[in-house]
Amino acid sequence: MKETQPTSAGQFVHFDDEIEVILNAIPQPVIIKDGLSRFCFLNDAACALVGRERGELTGRTDHDILPTAEADRIREIDKQVLSSGRELLFEEEITIADGTVRSLVTQKRRAELIRGNSKEVVVVATILDVTARRKALEALKESEARFRAIADHAPVMIWVTDESGADTYHSRLWLEMTGQTPEEAQGFGWVNAIHPEDREEVEGGFQAAFRLRQPVRVECRLRRTDGSWAWVIDVGQPRFASDGAFLGYVGIVLDITERRNAEEERLRAQKQVHHMARHDALTGLPNRQFVREAFDHLMDKCTGTAEAAVLSLDLDGFKTVNDAYGHAVGDLLLRRVADRLRQCVEQTDIIARLGGVEFLVVRPGMHRSEDVLRLARRIIDSVGVPYDLEGTHADIGVNIGLAFAPRDGQSADELIKAADIALYRAKSNGRGSYAQFEPGMDTHLQARQKMKIALRRALANGELEVHYQPLIKVHTGQITSCEALVRWTDPEKGPVSPAEFIPIAEETGLIDPLGEWILRQACTEAAKWPPHVSVAVNLSPLQFRDRRLATTIADILRETGLNASRLQLEITESVLLDESEGNLLVLQQIRQLGTKIAMDDFGTGYSSLRYLRTFPFDKIKVDRSFVSDLPTGKESLAIIRAVAAIGRALGITTTVEGVDTQAQFDLIRAEGFDEVQGYLVARPLPAKQVLGVIERRSRKAQMETYERLHHAKSNEGTPFIQPTK
């Protein structure tokens with residue numbers, strides 16, 4: 001080391017040229033001070049830092065270039081280093097020549113400087129200018145403060161991790177929802193807030209995000225403060241530095257509990273709707289749609305010699321129970337039947353209710369027909385055991401039709417149709433019978449189908465006509481009304497009985513246009529009759545499904561000009577048995593038009609007397625089945641007398657159908673009935689003949705009344721009024 005002459009301010013240290021070059025090449029400032037804190041050496045970086053030339057600083061102190069407070073602080077540090085011999089590392093701020101404040105990290109140590117044969121203790125300071133870093137750090141802190149301020153008021157939960165994946169920040173909403181403190185949530189404490197069953201999926205998702213360098217989105221359950229679980233969407237974005245270094249994740253958590261619950265409720269509703277669409281609501285059994293959808297899968301089991309058997313079941317006697325005891329008992333009976341069927345079948349079998357009293361059993365993978373025949377007998381025996389329905393006893397039976405796949409059909413509909421055809425054969429053999437499908441069995445059904453087509457054509461082409469059967473007043477012989485009866489003469493088959501085609505009309509839905517046509521024809525003809533003669537028209541129970549029936553009747557009365565009081569509408573008690581509340585409302589609407597309502601076939605049902613209290617009927621018509629064995633039948637006579645008494649007591653007109661003999665007429669008159677109808681009075685007549693019969697009958701009634709009055713005056717008694725045949 002070379003020496004220079006000391007200046008008045010002190011000595012300036014010169015190093016060998018090589019060393020000085022090295023010191024000046026160091027980018028960090030290096031400063032050497034003597035024991036009096038005077039500058040002995042500054043490298044180029046140090047001169048640049050303080051903004052002074054090296055010559056300006058030699059022999060001077062910090063007081064010459066810095067504010068007094070800063071200079072005093074630095075001098076105290078130098079003394080500590082010199083006195084203690086310890087190395088000090090500290091951060092400080094100094095004001096340089098241009099007045100700028102610089103942030104410095106300074107390392108000071110004591111050293112010995114050899115000058116010839118003497119040693120001098122000096123302070124060596126190496127300085128790192130961290131002004132830019134400090135500003136960046138402050139900017140980062142300010143940015144983080146803004147981030148936290150925004151995140152803590154955000155409507156979603158926000159979290160941040162470091163490069164190890166440990167959380168360094170959770171927003172206020174996270175802490176409020178989970179009940180965690182900031183300390184509990186820090187690091188990997190967040191794991192405790194995730195549902196144990198979801199943790200593996202969440203961790204796997206974030207590992208994939210790191211590997212793929214893409215955002216991750218997972219749904220999981222988050223523990224709430226109250227211990228319940230909230231469904232959330234957790235979205236994490238991995239962060240990487242410009243050099244590719246992983247910096248951690250930043251993410252958000254969105255509470256989707258309500259949406260998830262709504263979605264689950266929607267799915268439950270969809271499943272429920274799907275189940276309801278494929279199952280019977282009353283018994284819980286599968287329905288036809290279920291069978292159709294499951295059948296292809298069942299047919300897969302029919303390989304080799306294996307077959308599938310379809311058993312079509314129809315309950316016998318159910319309507320009697322339902323009519324006698326009501327729908328509640330009928331529904332309970334159907335559920336009990338379903339329970340018994342479940343006990344008869346195997347686990348792989350399917351039981352379905354197709355509607356009404358029709359059930360279906362499907363047995364897949366069957367190898368022996370005898371097994372299915374035994375199943376049919378077991379079902380017949382089980383269903384036929386009497387039922388105790390909460391105190392009501394019921395006795396029903398069942399008939400079964402059998403079909404086998406693939407020989408009788410391939411699809412569900414084909415096999416059900418074949419089994420139904422066999423069922424018709426079984427029903428013809430009586431209760432508790434079964435029959436297997438055979439080719440040609442459907443001949444009868446095909447005939448019925450042809451009749452359906454022919455009836456539709458007949459209604460469209462005007463092949464139908466209405467005949468009228470008169471009713472007379474018992475004590476005067478005068479015609480009071482005529483019952484309208486539809487007749488059909490098929491161009492190919494000739495006359496077709498109403499007993500054949502009316503059920504067909506009801507099955508096909510033609511009963512509504514047919515009934516409306518009959519009513520319009522009857523009202524048109526009746527408008528031509530004398531005012532004291534009414535027309536009676538039968539209404540099918542199925543016509544009451546049309547809740548506009550009363551409006552239709554009113555329109556026809558207006559069109560034809562017939563007074564409503566001259567229209568009598570005849571119904572059977574089944575109208576009130578089936579959907580009685582709705583049908584009763586329609587009846588009341590019809591009654592308000594001014595028409596008369598009659599109960600037809602009185603006495604054949606099980607609730608006729610009860611319905612006389614339900615609705616104020618104008619007339620009751622005793623069914624012909626109670627007249628055929630008169631006057632000798634004691635039971636029929638007792639019923640006839642009871643009905644006559646009921647009519648007198650309630651002020652209801654009483655009519656007896658099927659009066660074909662003089663003896664029957666005499667008895668009916670003696671019992672006090674109001675009207676009779678039957679072949680003794682007249683057969684049903686075409687419309688063009690009715691008016692003449694009414695006029696002749698009216699003249700004859702007048703003559704007989706005159707003669708009766710004449711004989712009464714002569715005290716010769718009352719002669720019999722001879723009706724015309």
Which atoms form the tightest heavy-atom contact between [X] and [Y], and what is the distance?
X      : Y      : result
Pro196 : Trp229 : CD-CH2, 4.1 Å
Met157 : Val232 : CE-CG1, 4.2 Å
Thr106 : Ala125 : CG2-CB, 4.2 Å
Lys33  : Asp78  : NZ-OD2, 3.2 Å
Leu315 : Ile396 : CD1-CD1, 4.2 Å
Arg223 : Asn192 : NE-O, 4.1 Å

Evaluation steps, side chain to side chain contact (heavy atoms under 4.5 Å, CB included), between Gln272 and Arg268: CA-CA 6 Å; Gln272 184 177 3; Arg268 282 194 295 269; over 6 Å; no
Distance-only side-chain donor-acceptor flag, [X] / [Y], under 3.5 Å:
X      : Y      : result
Gln343 : Ser382 : no
Asp413 : Ser411 : no
Glu76  : Gln80  : no
Arg266 : Asn261 : no
Glu219 : Trp231 : no
Thr168 : Asp162 : no

With distance as the sole test, does [X] use its side chain to make a donor-acceptor pair with the main-chain N or O of [Y] at under 3.5 Å?
X      : Y      : result
Asp72  : Ala69  : no
Ser103 : Val130 : no
Asn24  : Asp44  : yes
Glu70  : Pro67  : no
Arg340 : Val337 : no
Arg547 : Phe544 : yes
Arg336 : Leu389 : no
Arg199 : Ile194 : yes
Asn287 : Ala277 : yes
Arg260 : Ile256 : no

Check [Y] with [X], please: is the shortest side-chain N to carboxylate O separation under 4.0 Å?
X      : Y      : value
Arg259 : Glu263 : no
Arg102 : Asp129 : yes
Glu414 : Lys417 : no

Is there side-chain contact between [X] and [Y], with at least one heavy-atom pair below 4.5 Å?
X      : Y      : value
Phe39  : Arg54  : no
Leu375 : Arg378 : yes
Arg288 : Arg292 : yes
Ile350 : Phe295 : no
Gln589 : Leu585 : yes
Pro238 : Val250 : no
Thr225 : Glu176 : no
Ile127 : Gln28  : no

Quick check for you: to the nearest 0.5 Å, what is the distance between [X] atom [atom1] and [Y] atom [atom2]?
X      : Y      : atom1 : atom2 : result
Leu282 : Leu332 : CG    : CG    : 9.0 Å
Phe359 : Asp314 : CZ    : CG    : 10.0 Å
Ile94  : Thr100 : CD1   : OG1   : 10.5 Å
Leu42  : Ile32  : CG    : CD1   : 9.0 Å
Leu313 : Arg353 : CG    : CZ    : 13.0 Å
Leu104 : Glu93  : CG    : CD    : 8.5 Å

Chi angles and distances behind the side chain to side chain contact (heavy atoms under 4.5 Å, CB included) call for Leu175, Arg172: CA-CA 5 Å; Leu175 301 177; Arg172 175 184 55 82; 5.8 Å; no
Flag if over 12 foreign heavy atoms under 6.0 Å of CD, Gln270: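 Above 12, so yes.
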Over 12 non-hydrogen atoms of neighbours within 6.0 angstrom of CZ in Arg217: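 Open: at most 12 neighbouring heavy atoms sit under 6.0 Å from CZ of Arg217.
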Stepwise side chain to side chain contact (heavy atoms under 4.5 Å, CB included) check, Glu120 with Asp34: CA-CA 8 Å; Glu120 182 178 352; Asp34 63 12; 3.2 Å; yes
Side chain to side chain contact (heavy atoms under 4.5 Å, CB included) between Leu285 and Phe290, worked out: CA-CA 9 Å; Leu285 294 175; Phe290 181 97; over 6 Å; no
Ring-ring centroid check Trp159 Phe206, cutoff 6.0 Å: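 When the ring centroids of Trp159 and Phe206 are compared, they turn out to be within the sub-6.0 Å range.
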Ring geometry between Phe246 and Phe210 (parallel below 30°, tilted from 30 to 60°, perpendicular above 60°):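 Phe210 vs Phe246 ring planes: perpendicular.
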